[in-house]
Trainee: 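Below are the structure tokens for one structure; questions will follow.
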Amino acid sequence: MSNAIEIKNLKKYFGKNHAVDDINLSIERGEIFGFLGPNGAGKTTTMRAIMDFITPTSGTITIDGLDSKKDSVEIKRKIGYLPSDSYFYGGWTGREHMDFVRGFYGIKTNPTELIKKLAFDSRKKVKSLSTGNKQKLGIILALMGNPDILVLDEPTRGLDPILQNDIYEILNDYKKAGKTAFVSSHNLPEVEKICDRIAIIKSGKIIKTTTIQEIKQLKIHFVTVAFSKKIRSEQIESDDCEIIREIPDGYIVKVKGEIGPFLKRIAPYEIKDIEVAHANLEEIFLEYYKK
Amino acid sequence: MINIILKSLKQRRLSIIIYSLFSLAMLTLYSSLFPSFQAESQSFSEVFKNLPEAISKAFGINQTTFFNYYDNFLSSEFYSLTWPLVFSILLISSAGNAIAGEIDKGTIQILLAMPVSRMKLFWSKYLTGLLELIIFIATSTLAAVPIALFYDISFNHTSIYLITISGALFGLAVYSITFMLSAIFSERSRVYAISGALLVIMYVANIFASLKESWSDLKYISFFHYFNASAIVTDQKIEPISIIIFLSISLIFTILALAIFSRRDIAVE
């Protein structure tokens, strides 16, 4: 059985700008796949190529074994898409948008439950809706065709934590139903909560594809250590650690990998106080970007 | 496809109503004034006879029959300039909004994410504008018949039907050119600016062509030369070359627009 989304050697160049430069991704059925990277890394371009908004310079994208260019209409029946910036017809209500989208899918679609779950007022004109409510409408429209695959471009950007959690819940329900989601984000704690695997994209190239568990195992510790006597930085620095800041009587040190060797190195000195903190996913992520 | 056409018409309904009502009001106004002008036609004819021929030609004034007949009067006063100008503005606004406007506003993303091919999307949008053209033209020409009846004016209906057809062809050509521009650009303002400039250039070229013999060839680049309401009324026919020019331009630019829209990258910023 083919993968839900298969991207092979995808390139998209806009003149000299290599927005996406030879990327490969395989997203399996039933997984929630996070696509991480800063602004301009190529996340949105990749998603637009999946949706056939733009034509790749080269490479192929297949969705459920169907070609994204040739079978674009068939593919869009399977995909629910949420753009990074959702725009709507200002003079219409949410309900009018839903009726319009329903016209493409037939009467099988009924967003009543979603409307209820998201506490969305579908009678209000879109121009009077807040950013959060517009995003709710975008989510409702993306899910209306009962898609097998969701392509969500930064679905929680600009939302408050309560709304973010609503969207995480929807995605979890979606995953439980055995469906697939491809979600872009710059928010690592978010993908940590919802994704099975992630790919990190930088300057149009995939720099890492990994599971959330694996990335968590790439340990980074922040050690705040104070000594009874003055210790020079050279006495504790090595390849696996880096002094971030000097503090009164000590240092804040970033230790990559196992912490044991570092602790052994500072054990001979008289320690007044020590605090060890695990780096969060974001800090691990930033570490990748330094490469 | 019907879904998109209905949606687009719904969005454009206010413009269609306002433009059609404006045109209807102008038509009613001119019709109400016609009997008094007709009564004074002899004196007006004398005045117009003294006008330089070039001026009369440039502004579509038939010196002998200008105020004698209702269809002559309307063709000179209303259908020669005001009318094509009004529906050109309506059509430029419609075509500009159809693609470039949707990209400009970002709403094209909703349409492109739906299970519908670009070709269907194109034709849905294109047909919406054609419907606008038909509604406007029908309202603003065929209404002359009941309005004339109301003011007890008798006239040659054929003139109005010929003007309807010729105006529709003119509108189709303007619409097709603007639609192609809409398929190229991502901002409505550019589409409006270029289409507007093209119309002004064509109008000025037609005026210049009638002012000086050496400039007369300029008329061939102007739609206003191929759409001459006064000549249609006088000759009771549409010149075949006008039909060929308008239909060819419409066909070429529509095909180009479809080819561009089907292939172009669409990215909302």
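Quick note on labels: first sequence line is chain A, next is B, and so on, each numbered from 1.
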Trainee: Given heavy-atom pairs under 4.5 angstrom as the criterion, report whether the side chain, backbone, both or neither of B:K7 touches chain A.
Mentor: both
Trainee: Side chain from CB out, backbone as N, CA, C, O: work out which of these in B:I110 comes under 4.5 Å of a heavy atom of chain A, or both, or neither.
Mentor: side chain
Trainee: Ring-plane angle category for A:F182 and A:F33, please: parallel below 30°, perpendicular beyond 60°, tilted otherwise.
Mentor: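 Answer is tilted, since the angle falls between 30° and 60°.
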Trainee: May I ask you to check whether A:S84 and A:E154 show a side-chain donor-acceptor distance below 3.5 Å?
Mentor: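 Checked: A:S84/A:E154 side chains show no N/O donor-acceptor pair below 3.5 Å.
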Trainee: Heavy-atom cut-off 4.5 Å, strictly under: side chain, backbone, both or neither for B:R264 against chain A?
Mentor: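 For B:R264, the backbone is the part near chain A, not the side chain.
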Trainee: Could you tell me which portion of A:R48 (side chain, backbone, both or neither) has an atom closer than 4.5 angstrom to a non-hydrogen atom of chain B?
Mentor: side chain
Trainee: Determine the option with the most heavy-atom pairs under 4.5 angstrom with chain B, choosing from A:F88, A:F104, A:Y81.
Mentor: A:F104
Trainee: Parallel, tilted or perpendicular: which one describes the rings of B:Y30 and B:F78, with boundaries at 30° and 60°?
Mentor: tilted
Trainee: Can you say whether B:K120 sits under 4.5 Å from chain A via the side chain, the backbone, both, or neither, judging by heavy atoms?
Mentor: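 Nothing of B:K120, per the 4.5 Å heavy-atom cut-off to chain A.
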Trainee: Can a cation-pi geometry be assigned to B:R118 and B:F261, taking NZ or CZ under 6.0 Å from the six-membered ring centre and within 45° of the ring axis?
Mentor: yes
Trainee: Less than 6.0 angstrom from the centroid, inside 45 degrees of the normal: does B:K10 satisfy that with respect to the ring of A:W92?
Mentor: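 So B:K10 does make the cation-pi contact.
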Trainee: What part of A:S72 gets within 4.5 angstrom of chain B, counting heavy atoms only: side chain, backbone, both, or neither?
Mentor: neither
Trainee: Picking from B:Y19, B:Y175, B:F170, B:F179, what satisfies side-chain contact (heavy atoms from CB on, under 4.5 Å) with B:L91?
Mentor: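 The side-chain contact (heavy atoms from CB on, under 4.5 Å) with B:L91 is passed solely by B:Y175 among B:Y19, B:Y175, B:F170, B:F179.
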Trainee: What part of B:L6 lies closer than 4.5 angstrom to a heavy atom of chain A: side chain, backbone, both or neither?
Mentor: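 Answer is neither: B:L6 stays 4.5 Å or more from chain A.
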Trainee: I need the residue from A:K78, A:E96, A:H97 with the largest number of non-hydrogen atom pairs under 4.5 Å to chain B.
Mentor: A:E96
Trainee: Establish, from distance only, whether the side-chain atoms of A:D21 and A:Y13 form a donor-acceptor pair under 3.5 Å.
Mentor: yes
